[in-house]
Number of protein chains: 2
Amino acid sequence: MSAVLRAWETVLQSIELDLLSGRLRPGDHLPPERALAAELGVGRSSVREAIRVLEVLGLLRTSSGSGPGAGAIIVALPGGGMSALMRLQVAAHGFPVADVVKTRLVLEASVVTELAEASAQADSTMVATVSLRPNLSTPVQLLDAMESPTLTEAEFLTLDAEFHLALAEASGNQVVTATMAGLRSAIEGYARAGATGLASWAHTSIRLRAEHRAIVAAIEAGDAPAARSLVHDHIAGYYAETHQTHLLAAHHTDASGQPVAR
Amino acid sequence: MSAVLRAWETVLQSIELDLLSGRLRPGDHLPPERALAAELGVGRSSVREAIRVLEVLGLLRTSSGSGPGAGAIIVALPGGGMSALMRLQVAAHGFPVADVVKTRLVLEASVVTELAEASAQADSTMVATVSLRPNLSTPVQLLDAMESPTLTEAEFLTLDAEFHLALAEASGNQVVTATMAGLRSAIEGYARAGATGLASWAHTSIRLRAEHRAIVAAIEAGDAPAARSLVHDHIAGYYAETHQTHLLAAHHTDASGQPVAR
DNA sequence: GGTGGGGTGTGGTCTGACCACATGCTACAG
DNA sequence: CTGTAGCATGTGGTCAGACCACACCCCACC
């Protein structure tokens with residue numbers, strides 16, 4: 001396999017090896033494109049193609065100019081590339097919306113479970129060794145912003161998607177956060193598409209706000225089963241309401257993690 | 001924001017819009033690079049950068065030559081790009097291994113739950129309307145291959161990773177499958193790294209084989225809770241055994257992975 | 001000492017050229 | 001008429017060179 005690596009692939013491979021070996025670390029500068037091209041014996045355009053890939057994947061950022069801050073810098077920001085990937089994958093009809101929703105159910109149930117358990121643990125242990133209590137300030141701020149009555153549907157749903165992403169971030173799991181970030185645009189897409197067919201947006205938005213508050217309350221109370229259940233109903237409910245298909249409720253998996261009811 | 005799109009970004013955007021509008025569908029050919037460049041008023045190198053990105057993301061494949069089969073063809077194979085993304089993300093220390101493992105626990109528990117429930121449903125309904133029974137032939141074939149006593153550790157672990165991916169595929173959820181495919185190389189990486197420190201590989205591999213068989217048996221028996229529990233113990237057990245850290249039980253690692261990059 | 005302007009190095013882009021390859025057609029031989 | 005060898009064509013893959021815009025750095029000048 002991999003008969004002969006194309007020029008840009010050798011560049012990508014070289015950079016990947018440098019990352020793995022530790023020669024390149026987040027924060028470091030990549031050599032200038034021209035230098036890299038000469039060093040690897042390829043054309044500058046091939047170097048650029050590899051750098052472009054890494055940039056879209058969220059592994060580095062580039063900026064023109066001179067001095068520190070310019071050039072290609074390793075950043076490795078999670079979700080940066082996953083977002084582009086998921087968005088394009090959905091655009092190309094690669095992912096059925098139902099699968100996106102089901103994956104949300106699984107991941108978000110896990111997220112709020114972890115958050116609630118961390119919260120409960122922070123309560124039980126008086127010890128102030130490490131602040132285990134999850135930081136929900138960002139999600140709460142988003143909820144406050146969503147109270148504004150002047151929001152359009154699109155604006156509301158954008159904040160909604162940000163709220164769910166913020167919960168994932170608060171859980172601290174970077175892989176889940178990255179995946180959720182990737183799904184975000186897909187989520188916003190189907191949410192917005194479905195919202196146009198709702199009987200009463202005002203009514204629905206009020207319900208969504210209340211559900212969000214309830215989820216946060218359950219987390220802060222350390223009630224993991226409740227948080228899990230609320231999140232499931234929140235996501236599945238909106239999907240069912242906007243897509244007229246009750247398939248999700250049918251099999252009703254309690255998502256991931258531990259069984260809810262024994 | 002988004003002051004001025006760079007040339008290759010306009011190309012990417014144009015293709016994305018064509019995908020969303022249905023002008024481009026999986027199986028279609030992209031216009032030749034030169035034509036696309038002329039059409040969009042950019043240089044061919046910019047078109048190439050956009051195409052390169054789409055190729056790495058698994059949205060199209062390119063081939064030289066002439067006639068049908070050559071050129072850039074939309075494929076939208078799920079997980080194609082996620083694999084590159086995750087691999088590089090891990091290479092750049094973007095994802096802690098613990099988060100990868102925790103995400104596996106969540107996703108795979110969901111996968112086997114769905115499989116087991118589908119299996120149980122297939123049993124209960126005598127009706128042969130649609131064969132709901134999940135197709136486990138690929139996973140089982142992999143298990144058979146893993147019985148070979150001549151396998152090296154690396155070969156065994158490769159098959160192991162493939163087995164878990166095959167389970168995800170069998171579940172039918174494309175988003176989960178894509179994510180697992182992306183995590184696969186990361187999984188193989190930490191599994192292989194940890195295996196070198198094991199007391200007895202022979203002993204461990206025997207246990208892993210047995211656990212795999214038990215998981216499949218639970219799925220086929222339609223016993224979702226058992227399957228979920230077995231998968232959890234299987235993954236967490238190996239991780240604990242090879243990493244000596246029981247951090248998984250006490251989750252929530254505050255992730256402040258933002259690189260300083262300045 | 002402060003300040004302005006040019007020098008310099010960087011990414012961003014375009015152009016043109018060449019190569020390798022796969023195809024398809026055509027002209028020639030049978 | 002048929003089959004095949006070989007050239008024409010169109011494609012991606014790559015390179016080299018050139019120019020631009022930009023941000024920083026340094027030094028001469030005020």
Side-chain angles (χ1 to χ4, degrees), chain A residues 1-15 18 24 27-75 77 80 84, chain B residues 1-15 18 24 27-75 80-81 84 261-262:
Chain A
M1 64 182 72
S2 71
V4 183
L5 286 179
R6 287 175 285 183
W8 65 271
E9 285 178 310
T10 72
V11 178
L12 202 56
Q13 193 181 48
S14 162
I15 296 176
D18 282 349
L24 279 179
D28 288 352
H29 278 70
L30 220 57
E33 295 176 357
R34 294 163 175 86
L36 211 47
E39 181 185 334
L40 297 175
V42 299
R44 190 182 160 208
S45 46
S46 299
V47 172
R48 300 201 91 251
E49 289 182 19
I51 288 184
R52 196 62 57 233
V53 166
L54 292 172
E55 181 179 346
V56 170
L57 259 41
L59 277 145
L60 53 81
R61 70 173 184 80
T62 62
S63 13
S64 298
S66 153
I73 303 179
I74 309 286
V75 292
L77 46 93
Chain B
M1 64 182 70
S2 73
V4 185
L5 285 178
R6 286 175 284 184
W8 65 271
E9 286 177 310
T10 72
V11 178
L12 202 56
Q13 193 180 48
S14 161
I15 295 176
D18 283 348
L24 279 179
D28 287 353
H29 279 69
L30 221 56
E33 295 176 357
R34 293 162 175 84
L36 211 48
E39 180 184 335
L40 297 174
V42 300
R44 191 183 158 206
S45 46
S46 299
V47 171
R48 301 201 90 251
E49 289 182 19
I51 288 184
R52 196 62 58 234
V53 166
L54 292 171
E55 180 179 346
V56 171
L57 260 41
L59 276 141
L60 53 82
R61 70 174 184 80
T62 61
S63 12
S64 297
S66 153
I73 303 179
I74 308 285
V75 291
R262 188 145 307 276

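In what follows, chains carry the letters A, B, and so on, assigned in the order in which the sequence lines appear, proteins first and then strands, with residues in each chain numbered from 1.
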Charged N-O contact under 4.0 Å between A:Glu55 and A:Arg52: yes
Hey, does the side chain of A:His29 reach the backbone of A:Pro68 with a donor-acceptor pair shorter than 3.5 angstrom? no
Sequence neighbours left out, what passes side chain to side chain donor-acceptor pair (under 3.5 Å) with B:Arg34? Give chain and number order. none
Round to a whole Å and report the spacing from CH2 of B:Trp8 to P of C:dT13. 9 Å
Do any N or O atoms from the side chain of B:Thr10 and from the backbone of B:Leu5 form a donor-acceptor pair under 3.5 angstrom? no
Select base, sugar-phosphate, or nothing to describe what B:Arg61 touches, counting heavy atoms under 4.0 Å on all strands. nothing
Considering only side-chain heavy atoms of B:Ala7, which listed nucleotide, C:dG11, D:dG13, C:dT13, is closest? C:dT13
When you match A:Pro31 and B:Ser66 each to their closest nucleotide on DNA chain C, which lands nearer the 5' end? A:Pro31
Sugar-phosphate, base or nothing in reach of A:Gly43, heavy atoms under 4.0 Å: sugar-phosphate
May I ask you to say what A:Ser45 touches in the nucleic acid, namely base, sugar-phosphate or nothing, with a heavy-atom cut-off under 4.0 Å? base
Contact nearer the 5' end of DNA chain D, comparing A:Gly41 with A:Gly67: A:Gly41
Distance check needed: C:dG12 C1' versus B:Glu49 CD, whole Å only. 8 Å
State which residues pass side chain to side chain contact (heavy atoms under 4.5 Å, CB included) with A:Ala7; sequence neighbours excluded, sorted by chain then number. A:Val42, A:Ser46
Distance, rounded to the nearest Å, where A:Leu60 contributes CG and C:dT10 contributes C1': 15 Å
A:Arg48 (side chain) and C:dT13 (base): donor-acceptor pair under 3.5 Å: no
B:Glu9 CD to C:dG12 C1', in whole Å, measures 11 Å
For atom CZ of B:Arg34 and atom C1' of D:dT14, their distance in whole Å: 11 Å
Nearest listed nucleotide, side chain of A:Thr62, among D:dC24, C:dG11, C:dC14: C:dG11
Distance-only donor-acceptor test (3.5 Å): side chain B:Arg44, base D:dG13: yes
What integer distance in Å separates B:Glu55:CD from D:dT11:C1'? 14 Å
B:Glu33 side chain: which of C:dG9, D:dG13, C:dG11 is closest? D:dG13
Could you state the CG-P distance from B:Leu30 to D:dG13, rounded to the nearest angstrom? 12 Å
What is the distance, rounded to the nearest whole Å, between atom CZ of A:Arg6 and atom C1' of C:dC19? 16 Å
